[in-house]
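Inspection log for the structure reproduced underneath, given as structure tokens.
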Amino acid sequence: MINFETSEMIDQVRTLLHGMVKTIVRPIARYYDDHEHERPKELEAFKPIMQAGMGGGKRTKKEKKEIKQTEDRVGSNAIGVVGAEELAWGDVGLMLALPGGGLGNAAINAVATDEQYERFGMKYCAMAITEPGCGSDASAVSATAVLDNDEYVINGEKIFVTDGDRCEAVVVWATLDKSQGRPAIKSFVVEKGTPGFRVEKLEKKCGIRASDTATLVFEDCRIPRTNLLGDPDIRAEGGFKGVMQTFDNTRPLVAAMSVGCARAAYEFTRESLAKEGITIRYDRGPLEQTAIERDLIWMEAQLEVMWLLVERAAWMADNGRPNNLEASIAKAKCGKYGNIIVQKCVELLGPIGYSREYLLEKWMRDNKVNDIYEGTQQIQMIVVARRILDYGRDMLS
Amino acid sequence: MGKTKGSFEEGFQKSVSYELILDKNELTHIREVGMSTFSLDEDQRQIQDSMRRFALDKIRPIARDCEEKAQIPDEFLASSWNLGLTANIIPEKYGGYASARSVLNNAIIAEELAYGDLSLAAAVMAPYLFVLPVLEMGSDAQKEKHLPGFCGNSYNAGTLAVMEHDIGFNTANIKTTALRKGNKYVLNGRKCLVPLANRAQNFIVVASTVSGGGPEGVEAFIVDKSLKGVAIGEKEKNMGINALDTFSIDFQNCQVGMECRLECLDYTRLIACSRIALAAAAVGVASASKDYCINYAKERVAFGQPLATRQAIAFMLADMAIEIDGCRLLNWKAAWTADQKDNPLRLAYISKLYASEQAFKISDYGISILGGHGLIREHPVEMWFRNARAFAMLEGMLMA
């Protein structure tokens, strides 16, 4: 039954986070944009919430439940996208710097055994996939993991690791045997302080400066063999797909972030224009409306559509429906149009849009990454196209 | 869910200890209720299936021929009557067999029928243009007088006259006037794009009761075509939707009685419901183009491989699919809102705005994907391209 009512729980989450980002995040956003690599201590206030909510809650036992198709379950995905949207409305960079909200946590929540969850579940975990020689093509990972008695020996270099410096542990993608391709790629938890693991440098970036983006180096870094997440064997079927499926849950989150940032820009623009006496006259025909009015209405429609696509992808995940296509649809649409909206807002406000006196210019720099990580715009289009055409990698690459 | 709920409460509690802006009482309100649900229920799925079948079996095969001949066969309209669309929404006491009226269901119907063809879909749904306003906004007397006629065994056309032949036309700027004179209203003005005015006996005419027209005092009147001062023009010729008969109607000092005024007109809702239906039909036209192109691009070989294996083509198809999903969800939300008796004006407005833009873009892509063949009338994509152009300017041609 089609229903667009928002649950009270969702409203509560939104209200709570909105209040927090408004009072804690917005006031420090400019400071941490100017002071790249400084750790925002103010965000400690979010720690309990991140651990309780976004991190997946109290997972005492890993239950292998039969996936049941339901209709109106409000689960962690629905809550997650609302949280991501609202936090990104506050600040995309600071949101990424929230303690405990690392991408590695998503992977651990998804695949860790009880024993692993016990050890790593409450740690702040980053995710290291990208290498100097491979970006979107994650199957080309060349970091290696070699089993030596009861330890894996990790070697390789990882770049663009969000939270790579501030995290307590990192989930590293490495191959057991490069000649065996995708199925040999596994993920390993490496804790900070493990000998042979070091943070090489921090990137200086265009946007999301409050978030640390690190280069990590692993040189004969030895970790217990129990730190491998998932199936340790190389199987022709499933392994890599399993890792990629994590993205079905994280893509809607990034899409939601783009919606949040675009909404912030839209609201700021509307308020700024209203101060000049410019408001939207919905009741006028297109002949009478100004270009600015039509732009704003267009943005409003885009935001509405973007959010519905995110909600649908999250709803499917919460209700036991495979959402690979819908997650990519949400990510493709929101990543691209979130940026178009923020950029348009900067344009509409002239010098106000360009000035660092306001946050709008920063949002334009911050939001760009939402169309890049978790699969670029073009990767999403490939996923969508393959799905609707019923093509595999061999037919469309 | 209980788990997440509990841990969330805990999260709330802890954050309260940070003395944030939170009211502790907020915590006690957390409970689970239904939320946005994106699946159709069994009834809606049945409606969708049967309409899709009708669109593919009865509409699509004759659509091109109807377009070329610029007419719709009587037998087709007769067969469409068997779907029971109109009688379905009319209460039993007026001769129908149900009383459930759902904007969302009607939006689903509009999308599926328009997937077959826009002109034919508009003809099948034309009775709604008259029946829905009377049903929702008419007096008891008006319902008793007009509704039973739509519950018979044969197709009965109804229609609505909103649009005017004017660059600056918009629904809030109606130039046709209905000025009060004693116990009559006197209609003056010219309407255009009135579907099936040749077949319908009665029209609903939207006019302003203020001298000179404008946004104020808009009313709707049930006008019998045989009244003095009503002149129906020649069948209009437009860029597209040629199969559908549309007409201009001139009103010259046409006097209608007080009892013809639609008693409880909610003009905002009337326009909103029409926009929801038009946006739904736009989704249908866009989907038709997308599906046709997917098949074509997988079959047509260029440079030794199917067209669809090229990113330049595949990405256009992906964009079509993404936007169609977006248009549909926004349309469902607008329709659902109208069913909740909330004011659907804003959502209906942006739904139609968005769907018009996207449907045209998508049908334009449709031609591009077929290349030169896209412009040849052997393929339907050029027809969908012409039809889709209509949505941006259309008002009041469909009703949900």
Side-chain angles (χ1 to χ4, degrees), chain A residues 1-10 12-13 15-16 19-20 23-24 45-46 48-49 51-53 57-58 71-76 78-79 282-288 297-298 300-302 304-306 308-309 311-312 315-316 326 329 332-333 378 381-382 384-385 388-389 391 395-396, chain B residues 1 3-8 10-12 14-15 18 20-22 26 29-41 44 104 167-170 172-173 215 294 297-298 306 308-309 311 314-315 317-319 321-322 325-327 329-330 332-333 336-337 345-347 349-351 353-354:
Chain A
M1 173 99 170
I2 298 289
N3 184 7
F4 290 94
E5 214 170 332
T6 318
S7 78
E8 271 189 54
M9 180 163 67
I10 294 284
Q12 293 289 341
V13 172
T15 311
L16 166 78
M20 287 180 79
T23 50
I24 301 172
F46 283 89
I49 288 218
Q51 282 176 346
K58 290 184 291 186
E71 285 290 320
D72 54 0
R73 188 171 174 274
V74 185
S76 57
I79 294 167
Y282 292 95
D283 56 341
R284 299 299 171 91
L287 208 61
E288 292 167 73
I297 294 171
W298 181 87
E300 209 177 292
Q302 292 290 348
E304 197 76 52
V305 166
M306 286 155 63
L308 285 167
L309 290 172
E311 269 196 309
R312 178 182 64 167
W315 169 81
M316 291 181 78
E326 290 77 8
I329 283 182
K333 175 73 188 173
Q378 292 69 26
M381 294 304 267
I382 293 258
V384 174
I388 61 172
L389 288 163
Y391 274 178
M395 293 297 279
L396 183 63
Chain B
M1 231 3 265
K3 228 190 320 183
T4 311
K5 177 184 148 193
S7 56
F8 239 94
E10 221 171 72
F12 277 120
K14 285 186 191 160
S15 54
Y18 282 90
L20 298 174
I21 35 68
L22 299 166
E26 283 181 4
H29 298 312
I30 303 171
R31 64 185 175 84
E32 286 175 60
V33 292
M35 69 155 305
S36 299
T37 301
F38 293 88
S39 61
L40 300 176
D41 62 26
Q44 289 162 337
L104 181 56
I167 303 173
F169 169 78
N170 81 69
N173 186 20
I294 287 178
K298 288 179 82 168
T309 62
Q311 287 192 352
F315 283 15
L317 293 168
D319 191 32
I322 291 168
D325 274 14
C327 287
L329 293 181
L330 181 53
W332 283 358
K333 184 168 181 181
W336 177 85
T337 306
L345 180 64
R346 189 187 77 90
L347 283 170
Y349 179 90
I350 59 174
S351 172
L353 189 82
Y354 196 81

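Below, chain A is the first sequence line, B the second, and so on; all start at residue 1.
- Annotation: side-chain contact (heavy atoms from CB on, under 4.5 Å) contacts of B/Ala314 (sequence neighbours excluded): A/Ala385, A/Leu389, A/Leu396.
- In this structure, chain B has heavy atoms under 4.5 Å from both the backbone and the side chain of A/Tyr282.
- At a threshold of 4.0 Å, the pair B/Arg346-A/Glu304 counts as salt-bridged, since one of the basic side-chain nitrogens sits closer than that to a carboxylate oxygen.
- Residues B/Gln44 and A/Ile2 form a side-chain contact, since some pair of their non-hydrogen atoms from C-beta on lies under 4.5 Å apart.
- The CZ atom of A/Arg312 lies 8.5 Å from the CH2 atom of B/Trp332; values are rounded to the nearest 0.5 Å.
- The minimum heavy-atom distance linking A/Ala332 with B/Ile322 is given by the pair CB-CD1, 3.8 Å.
- Residues A/Asn3 and B/Trp336 share a closest heavy-atom pair of OD1-CZ2, 3.1 Å.
- Between A/Gly285 and B/Asn170 the shortest heavy-atom distance is N-ND2, 3.0 Å.
- Ion pair A/Lys333/B/Asp325 not flagged as a salt bridge, since none of the NZ, NE, NH1 or NH2 atoms sits closer than 4.0 Å to an Asp/Glu carboxylate oxygen.
- The candidate from B/Ser351, B/Ser39, B/Ala172 with the greatest count of non-hydrogen atom pairs under 4.5 Å with chain A is B/Ser39.
- Interface residue B/Leu40: backbone and side-chain heavy atoms are both found under 4.5 Å from chain A.
- Within the 4.5 angstrom heavy-atom criterion, only side-chain atoms of A/Glu288, from C-beta onward, approach chain B.
- Contacts of B/Tyr354 with chain A are made by side-chain atoms alone, with heavy-atom separations under 4.5 Å and no backbone atom involved.
- Between atom CE of residue A/Met306 and atom CG of residue B/Leu330 there is a gap of 13.0 Å, rounded to the nearest 0.5 Å.
- B/Leu317 touches chain A through backbone and side chain together, each having a heavy atom under 4.5 Å away.
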Fill in: Criterion side chain to side chain contact (heavy atoms under 4.5 Å, CB included) on A/Phe4 and B/Thr337, from CA distance to verdict
CA-CA 8 Å; A/Phe4 290 94; B/Thr337 306; 5.9 Å; no
Worksheet item: How far apart are the C-alpha atoms of A/Ile297 and B/Tyr349, what are their side-chain angles, what is the distance that settles it, and do they pass the side chain to side chain contact (heavy atoms under 4.5 Å, CB included) test?
Response: CA-CA 10 Å; A/Ile297 294 171; B/Tyr349 179 90; 3.6 Å; yes
Practice prompt. Please report the C-alpha distance between B/Phe315 and A/Ile382 in whole Å, then the side-chain angles of each, then the deciding distance to 0.1 Å, and finally whether the side chain to side chain contact (heavy atoms under 4.5 Å, CB included) criterion is met.
Written response: CA-CA 7 Å; B/Phe315 283 15; A/Ile382 293 258; 3.8 Å; yes
Discussion item. Does A/Glu311 form a side chain to side chain contact (heavy atoms under 4.5 Å, CB included) with B/Leu329? I'd like the steps, not just the answer.
Written reply: CA-CA 10 Å; A/Glu311 269 196 309; B/Leu329 293 181; over 6 Å; no
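- With a 4.5 angstrom heavy-atom cutoff, B/Ile167 touches chain A via backbone and side-chain atoms both.
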